[in-house]
Trainee: 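Mind looking over this structure? Questions follow.
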Amino acid sequence: MEKIFLTRASLPEREEYFKEIKDIWDSHWITSMGPKHQTVEKELQEFLGVKYISLFTNGHTALEAVIQALDLSGEVLTTPFTFISTTHAIVRNGLKPVFCDIKLENFTIATNKLEKLITKDTTAIIPVHTYGHICDVEEIAHIADKYNLKIIYDAAHAFGEKYQEKSVASFGDASIYSFHASKVFNSIEGGCVATNNKNLKNKLDKLRNFGLSHGIAEYIGTNGKMHEFSAAMGLCNLRMLEQVIAKRRLLTNKYNDLLASTPGIQICQPIQEIKSNYSYYPILVTSDDVSCKQLCEYLNNKKIQAVRNFYPITSRHTCYKDNFLSNETPKAIEVSEKILLLPLYETLTINEINWICSCINKVMETEE
Ligand SMILES: *Cc1c(COP(=O)(O)O)cnc(C)c1O
């Protein structure tokens with residue numbers, strides 16, 4: 001077998017992309033809110049079912065900008081079981097992340113632990129829809145209301161998902177998405193903020209362009225403009241998205257069938273009330289005999305790129321570990337030590353899944 005990668009970027013037919021970028025040569029308009037940018041912003045706004053989209057160079061810049069735009073101060077409640085970007089965006093805005101533990105069932109923030117962490121300095125909650133599992137949005141809204149906190153969802157894993165028929169983009173004050181090559185929908189690099197708040201949208205549009213308004217800097221902005229070649233890739237990939245998700249769903253079901261009775265691992269249960277995007281396939285290695293690390297190494301030796309994810313949790317990375325007490329989030333630590341992501345992308349084959357699962361079953365069954 002050839003090496004099986006964890007993920008492979010979705011790409012349209014080459015001819016389709018070439019056709020899409022042809023007008024860029026004709027116009028020489030290659031960046032700075034050109035026609036492709038305007039079109040993809042509009043299409044995303046419709047697709048995500050939200051009033052406003054502000055496109056950015058990537059998801060991280062979008063998150064930094066929306067935190068700045070909401071004028072937060074003091075402390076922000078968040079999860080340490082996420083990509084380092086979430087924590088960095090808070091700290092780079094001069095705010096203090098306060099880490100709340102997660103739920104074992106779906107790895108999202110444990111809402112029953114939030115209130116205890118609120119102080120007079122708390123101004124916002126930044127939860128993450130981890131692996132496309134949707135946070136307890138009702139309870140988070142309730143707590144935010146009670147304590148007058150802003151909510152920004154890191155929805156980098158939840159592109160196109162719906163919860164109880166409602167677009168995930170409609171929760172909180174804003175949601176950020178990432179269109180990085182590794183995500184379910186990509187514009188090579190890219191991202192956006194989705195919001196129903198017009199003032200927020202206007203401010204974000206200025207922040208991504210150095211804070212400029214008619215040539216004068218109104219805010220201390222950044223350079224977060226998406227260029228036309230990325231926007232064109234976004235337009236092409238958006239056309240294929242439903243097909244991509246359907247294929248991922250098929251593959252996810254195959255994994256579920258083959259791993260349902262494997263001893264020593266736990267698969268995720270289908271998510272209730274959610275129209276899922278099937279962006280990741282995480283398993284928990286719960287065996288006493290085979291550790292997550294051992295299973296990962298075994299698969300890697302078979303040229304299968306399984307990856308330990310969000311390990312360590314963000315509060316234990318080198319730049320944070322001396323500043324935060326990570327022992328206060330024991331479930332996040334436990335999950336980070338046990339979780340393994342298996343390969344998933346639309347061109348992965350059923351044969352390859354058969355092979356991956358036979359390797360996993362071999363190790364787990366002989367060791368139990
Ligand atoms: C990918 C990702 C980001 C960052 O997005 P980029 O587009 O890579 O900057 C932020 N948060 C989470 C949870 C992510 O997975």
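Atoms within a ligand are numbered from 1 in the order they appear, just like the ligands themselves. Keep in mind the model is a prediction, meaning the values are calculated, not measured.
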Trainee: For the residue pair Y281 and N256, confirm or rule out a side-chain donor-acceptor distance under 3.5 Å.
Mentor: yes
Trainee: Between E75 and T119, does any side-chain donor sit less than 3.5 Å from a side-chain acceptor?
Mentor: yes
Trainee: Which residue in the set K36, R208, K225 passes salt bridge (Lys or Arg N to Asp or Glu O under 4.0 Å) when paired with E41?
Mentor: R208
Trainee: For ligand 1 and G59, I'd like to know whether there is a polar contact (N/O to N/O, distance under 3.5 Å).
Mentor: yes
Trainee: Decide whether H142 and E138 meet the rule of one side-chain donor and one side-chain acceptor closer than 3.5 Å.
Mentor: no
Trainee: N58 heavy atoms, cut-off 4.0 Å: which ligand 1 atoms fall inside?
Mentor: 7 (O), 9 (O)
Trainee: Hydrogens and angles aside, do N106 and T108 bring a side-chain donor and acceptor to less than 3.5 Å of each other?
Mentor: yes
Trainee: Please identify which atoms of ligand 1 are closer than 4.0 Å to at least one heavy atom of T82.
Mentor: 13 (C)
Trainee: Between atom NZ of K338 and atom CD1 of I283, what is the distance when rounded to the nearest 0.5 Å?
Mentor: 13.0 Å
Trainee: Could you check atom 9 (O) of ligand 1 against the protein and tell me its nearest heavy-atom contact, residue, atom and distance included?
Mentor: H60 N, 2.8 Å
Trainee: Taking 4.0 angstrom as the limit and counting only heavy atoms of G190, give me the atoms of ligand 1 inside it, by number and element.
Mentor: 7 (O)
Trainee: Going by distance only, is there an N or O of S178 that falls short of 3.5 Å from an N or O of ligand 1?
Mentor: yes
Trainee: Report yes if Y280 has an N/O atom closer than 3.5 Å to an N/O atom of ligand 1; otherwise report no.
Mentor: no
Trainee: Considering only the protein, which heavy-atom contact is closest to atom 11 (N) of ligand 1, and what is its distance?
Mentor: D154 OD2, 2.7 Å
Trainee: I need the nearest protein heavy-atom contact for atom 15 (O) of ligand 1: residue, atom name and distance, please.
Mentor: H157 NE2, 2.8 Å
Trainee: What I want to check is whether the side chains of T314 and T87 have a donor and an acceptor closer together than 3.5 Å.
Mentor: yes
Trainee: K203 and D71: side-chain contact (heavy atoms from CB on, under 4.5 Å), yes or no, with the steps?
Mentor: CA-CA 11 Å; K203 189 165 177 185; D71 283 323; 3.3 Å; yes
Trainee: Quick check: closest heavy atoms across G59 and I176, and the distance to 0.1 Å?
Mentor: O-CD1, 3.7 Å
Trainee: Of all the atoms in ligand 1, which lie at a distance below 4.0 Å from a heavy atom belonging to K183?
Mentor: 1 (C), 2 (C), 14 (C), 15 (O)
Trainee: Among F83, F56, F81, whose heavy atom sits nearest atom 3 (C) of ligand 1?
Mentor: F83
Trainee: Identify the closest protein heavy atom to atom 10 (C) of ligand 1: which residue and atom is it, and at what distance?
Mentor: S85 OG, 3.3 Å
Trainee: Counting from 1, what ligand 1 atoms have a heavy atom of A156 closer than 4.0 Å?
Mentor: 2 (C), 11 (N), 12 (C), 13 (C), 14 (C), 15 (O)
